[in-house]
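Have a look at the structure below before the remarks.
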Amino acid sequence: MFDLRKVPFSAFGSYFAVSRFENANPSQNGLFLRTVHARDYEKPLFRLEMVVNGNPVPFRETANPHMLNLVGDQGSIDICISEPKVIRMRGTGVGLRLTASEYGPYGSVAAQAENRWELNLYSQKLMLSPLTGTLHVKAPWDRMRCTEVQIDADAESGEWEFALDEFQTGWKPRSYEDNFDAAAARVKHAFAAFRDSTPTSTGKYGSARELAAYVCWSSTVQAEGNHKRPSMYMSKNWMCNVWSWDHCFNAMGLIHTNPDFAWDQFMIMIDHQDDMGAFPDSVNDSRCNWGFAKPPIHGWALKWMMERSDFINAGRLRQVYEPLSRWTEWWFTYRDSGRLGFPEYHHGNDSGWDNCTNFHEGVPVASPDLCA
């Protein structure tokens, strides 16, 4: 189990995440279903509330890698990300309310056959499909958009279940062959397989190993948009990107027991290297940030991994030799204004020590750590 205030509920490959926020602004407090697509990750999709007779009621949550359980005095709700683009929710004895109060300048809800609802968030589309019970949708229209959206899963029949699908242009009808329990069991097995591929730990570090494995597994998004391979984000709460040095640390942690996945993480920035040899500062599914750099630790990280694994053979070295050479040359060509052989940082963000005292007197800064 883990604390949703610190670690979001998600799954390998998915851009969905469920987070609990506790902010000074009461309107931003609560449990939220979010997306970590770059264009939307700072804006929750829906607030999630347990309801009885139309009124929100308190609940407590229990988060496990394969399922999020919300438990109240009169019933419970289960949430499972059954596929990267599909989230399943079911309840017994209580209802669930999804509320989107800020739906964007062009957000709309369109009724479809079989009580399905297409939710157009302008930059993302979702299909809401009832599997058991009834959905009640409140979406008042104001000329070009819905001013708000409130979706209630009805608890009158005692049980309900629905699926929420992410799609891009057209949604293909489907029957959701697996029941909820079977889908959750499949996700549980997938996480266990990933966990078992991580370094082992015993005794007092066992629970830390479980959480670390979950963070790595659940922070990964599938190849989509800019991402040419499965990519491990730094978090699915706020740091919803891959930065051009953190990806090396991820690769180092994975190289012992999951070398193929480690190699994917190491190669992410090489996928985006520009004609001058630079790596982007960060990458997500829809944007590369070129405003800053990050320290060129990639050769050091590669050496570290080679000393601990035979996976990086001559063929893989041929893949990285030329890109890493160009990356090194970029620093001495474009970040050495004095032409003295000392590469420079042009901003604290270049260093990873963003607010370090090294930068209090201005830039450029030729610091010992970069030279090293």
Given 3.5 Å as the limit, does a donor-acceptor pair link the side chain of [X] with the main chain of [Y], or not?
X    : Y    : value
N313 : G315 : yes
W353 : N355 : no
Y15  : Q222 : yes
R326 : D274 : yes
R47  : L33  : no

Treat each ILVMFWY residue as a node, draw an edge where side-chain heavy atoms are under 4.5 Å apart, and state whether [X] and [Y] are in one component.
X    : Y    : answer
F16  : M67  : no
V51  : F32  : no
V137 : L164 : yes
W300 : W245 : yes
F249 : I268 : yes

Using a distance-only test with no angle check, is there a side-chain donor-acceptor pair under 3.5 angstrom linking [X] and [Y]?
X    : Y    : result
R116 : S129 : yes
R145 : S108 : no
S337 : E344 : yes
S10  : K236 : yes
Q150 : H136 : no
H227 : Y233 : yes
N237 : S235 : no
N226 : D285 : no

Checklist entry - Given E83 and R174, is the salt bridge (Lys or Arg N to Asp or Glu O under 4.0 Å) satisfied, shown in steps? => result CA-CA 13 Å; E83 303 169 32; R174 53 178 299 176; 2.7 Å; yes
Next on the checklist: When you measure from the centre of the six-membered ring of Y321, is the NZ or CZ of R318 closer than 6.0 Å and no more than 45° off the axis?
Outcome noted: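 Verdict for Y321: no cation-pi partner in R318.
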Distance check, rounded to the nearest 0.5 Å: [X] atom [atom1] versus [Y] atom [atom2]?
X    : Y    : atom1 : atom2 : result
M305 : F311 : CE    : CZ    : 10.0 Å
L324 : I270 : CG    : CD1   : 5.0 Å
L4   : F9   : CG    : CZ    : 8.5 Å
D350 : Y345 : CG    : OH    : 8.0 Å
I255 : N250 : CD1   : CG    : 12.5 Å
C216 : L254 : SG    : CG    : 6.0 Å

Heavy atoms, side chains only, cut-off 4.5 Å: are [X] and [Y] in contact?
X    : Y    : answer
R186 : H66  : no
M50  : R97  : no
H256 : R308 : yes
F191 : E210 : yes

Checklist entry - W160 and L96: side chain to side chain contact (heavy atoms under 4.5 Å, CB included), yes or no, with the steps? => result CA-CA 9 Å; W160 55 264; L96 176 66; 3.5 Å; yes
Do the side chains of [X] and [Y] get close enough for a salt bridge, i.e. N-O under 4.0 angstrom?
X    : Y   : value
D165 : K85 : no
E159 : R90 : no
R5   : E61 : no
R88  : D78 : no

Checklist entry - For the residue pair F12 and F261, is the inter-centroid distance of their aromatic rings smaller than 6.0 Å? => result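 Yes, ring centres under 6.0 Å apart.
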Checklist entry - Do H298 and F279 have ring centroids that are under 6.0 Å from one another? => result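 That pair passes the under 6.0 Å test.
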Checklist entry - Aromatic rings W263 and F266: how do their planes relate, parallel, tilted or perpendicular, breaks at 30° and 60°? => result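 Rings of W263 and F266: parallel, under 30°.
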